[in-house]
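Structure first, commentary second.
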Amino acid sequence: MSRLGNLGARLYQGEVGYDFVGKRKVWYGVSILITITAIVALAVQGLNMGIEFKGGAVFTTPKADVSVSQATEAAEEISDHIPIVQELGTGGLRIQISGVDTAEADRVQKALGQELGIPADKINADLVGPSWGEQIANKAWTGLGVFMLLVVVYLAIAFEWRMAVAALVALIHDITITVGIYALVGFEVTVGTVIGLLTILGYSLYDTVVVFDSLKESSKDITKQTRFTYSEIANRSINGTLVRSINTTVVALLPVAGLLFIGGGVLGAGMLNDISLSLFVGLAAGAYSSIFIATPLVADLKERDPQMKALKKRVLAKRAAADSKGESGQDQADEQGVPVDDAPDEAATAGAVVGPRGRGRNRPSGRRR
């Protein structure tokens, strides 16, 4: 077995672990700082909206001995706008200029023909109105609202309302960070960006649901035992699915990184930049939020429940009694997720209660504490 596979098995069995839930205030602080930075960038710098949302003209030239830099300089000088110039596979150029109306488009077309040495009638001009982009944006907002509503309803039915709230907060967190990164980087927001933003919602939710499913299974009959609080069981669920979350995220990020850094950065394909940046940031933020935000938030909400408060008091009281008798080693190890050898039968009972790991062997004797 590989080292990563061995680590995953040890995490799943509770032999090793990291206290994600116990340090949740740190992660909340980091997330709040990142979110505030994204909101400030969005408010100060704003989004670089593409031609689909602002309107403008797109000029397509036939094959010509003109470089992209030369065409960019010429188009900027003629239109007094910063153009986006891309080289096409046919050898021609695609010159995109925002904020150009019909009358100005005719003037720019003729001037481009003169500057680039191409007959004006050979340059194809397409006008794009802002109303089309506005329709796309409205439909995207509608789709986002319907998606989040369905997510909340589904999670509330399949799991519980606390998990639905936590998943919704995680989704809003991921979208805010992704949009903020767009504002900081200055990439153009196009229809491809909208597609990417809507796509990351599913990826973000997937990692969160995986952890929630493990937590739901592990917390069955939780009040019938006195060895673990809800937060500790939530932490075990995160550790048990940690390697799986990392693997799925890395596998998803690799092709997206290829699109972003090679397709967009090296080859200069603008549409790939639009889609891949939102996917790359959204996937990373989704994996982060499922581990550091969603599950700790569920633990916070759950431990406000009177039953969970009573359970925590019983667990702490039992540990205090064990400490006074000098038997704290086992309980302290359990708190950290590291079992002690030659543990009493009570540990097997706790394993059966905490999750599926203790079901195949060391079955409980029927006595619960």
Side-chain angles (χ1 to χ4, degrees), residues 34-35 37-58 81-84 86 94 96-100 126-152 167-208 249 252-253 255-261 263-265 267-289:
I34 295 175
T35 303
T37 302
I39 294 174
V40 170
L42 189 61
V44 174
Q45 194 162 333
L47 292 173
N48 180 22
M49 306 303 292
I51 191 173
E52 295 91 347
F53 299 98
K54 294 190 298 186
V58 179
H81 294 281
I82 299 177
I84 297 176
Q86 296 172 317
R94 183 179 185 269
Q96 178 178 305
I97 304 176
S98 300
V100 176
D126 294 317
L127 292 176
V128 179
S131 60
W132 184 76
E134 185 178 351
Q135 292 176 2
I136 295 295
N138 290 335
K139 290 181 179 179
W141 281 114
T142 302
L144 178 63
V146 171
F147 174 83
M148 287 190 168
L149 177 61
L150 292 177
V151 165
V152 170
L168 181 61
V169 171
L171 286 175
I172 296 174
H173 167 273
D174 299 341
I175 294 175
T176 303
I177 290 178
T178 305
V179 175
I181 292 294
Y182 256 88
L184 286 172
V185 175
F187 273 24
E188 190 178 40
V189 177
T190 65
V191 176
T193 305
V194 176
I195 295 172
L197 285 173
L198 294 177
T199 303
I200 66 173
L201 299 178
Y203 283 104
S204 174
L205 189 63
Y206 171 77
D207 280 338
T208 302
T249 302
L253 281 176
V256 175
L259 289 174
L260 178 61
F261 298 111
L267 301 180
M271 181 62 74
L272 292 181
N273 275 336
D274 303 336
I275 298 177
S276 58
L277 179 63
S278 59
L279 287 176
F280 188 86
V281 176
L283 288 173
Y288 169 83
S289 65

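The structure displayed is predicted, hence computed values, not measured ones.
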Nearest heavy-atom approach of Leu205 to Leu171 is N-CD2, 4.4 Å
Reported OG1-to-OH distance for the pair Thr249 and Tyr206, which is rounded to 0.5 angstrom: 9.5 Å
Could you list the donor-acceptor pairs under 3.5 angstrom formed between side-chain atoms of residues 43-51 and any protein atom two or more places apart in sequence or on another chain?
residue: Gln45; atom: NE2; partner: Ala183; partner atom: O; Å: 3.0
residue: Asn48; atom: ND2; partner: Gly186; partner atom: O; Å: 3.3

Anything under 3.5 Å between a donor and an acceptor, one on a side chain of residues 136-148, the other on a protein residue two or more places apart or in another chain? List them.
residue: Asn138; atom: ND2; partner: Glu134; partner atom: O; Å: 3.2
residue: Thr142; atom: OG1; partner: Asn138; partner atom: O; Å: 2.9

How long is the span from the CG atom in Leu184 to the OG1 atom in Thr37, to the nearest 0.5 Å? 8.0 Å
Working note: Thr190 + Thr193, criterion side-chain contact (heavy atoms from CB on, under 4.5 Å); need CA distance, chi angles, decisive distance, verdict. CA-CA 5 Å; Thr190 65; Thr193 305; 3.8 Å; yes
Identify the heavy atoms of Leu279 and Gly196 that sit nearest to each other, and give their distance. CD2-O, 3.8 Å
Quick one: closest heavy-atom pair of Leu283 and Ile200, and the distance? N-CG2, 4.4 Å
Which heavy atom of Ile195 sits nearest to which heavy atom of Thr199, and what is that distance? O-OG1, 2.7 Å
Let me confirm one number: the CD1-OG1 distance from Ile39 to Thr176, rounded to the nearest 0.5 Å. 6.0 Å
Ala170: side chain to side chain contact (heavy atoms under 4.5 Å, CB included) partners, not counting sequence neighbours: Ser289, Ala294
Measure the OG1-NE2 distance between Thr178 and His173 for me, rounded to the nearest 0.5 Å. 9.5 Å
CD1 of Ile34 to OH of Tyr288: how many Å apart, nearest 0.5 Å? 5.0 Å
Test log, rule side-chain contact (heavy atoms from CB on, under 4.5 Å), inputs Ile175 and Leu201: CA-CA 8 Å; Ile175 294 175; Leu201 299 178; 3.4 Å; yes
What are the two closest heavy atoms between Asp174 and Gly286, and how far apart are they? OD2-CA, 3.4 Å
In terms of heavy-atom contacts, Asp207 and Ala287 come closest through OD2-CA, 3.7 Å
Do Val281 and Ile177 have side-chain heavy atoms sitting under 4.5 Å apart? yes
If I take atom CD1 from residue Ile181 and atom CG from residue Leu42, how far apart are they, to the nearest 0.5 angstrom? 11.5 Å
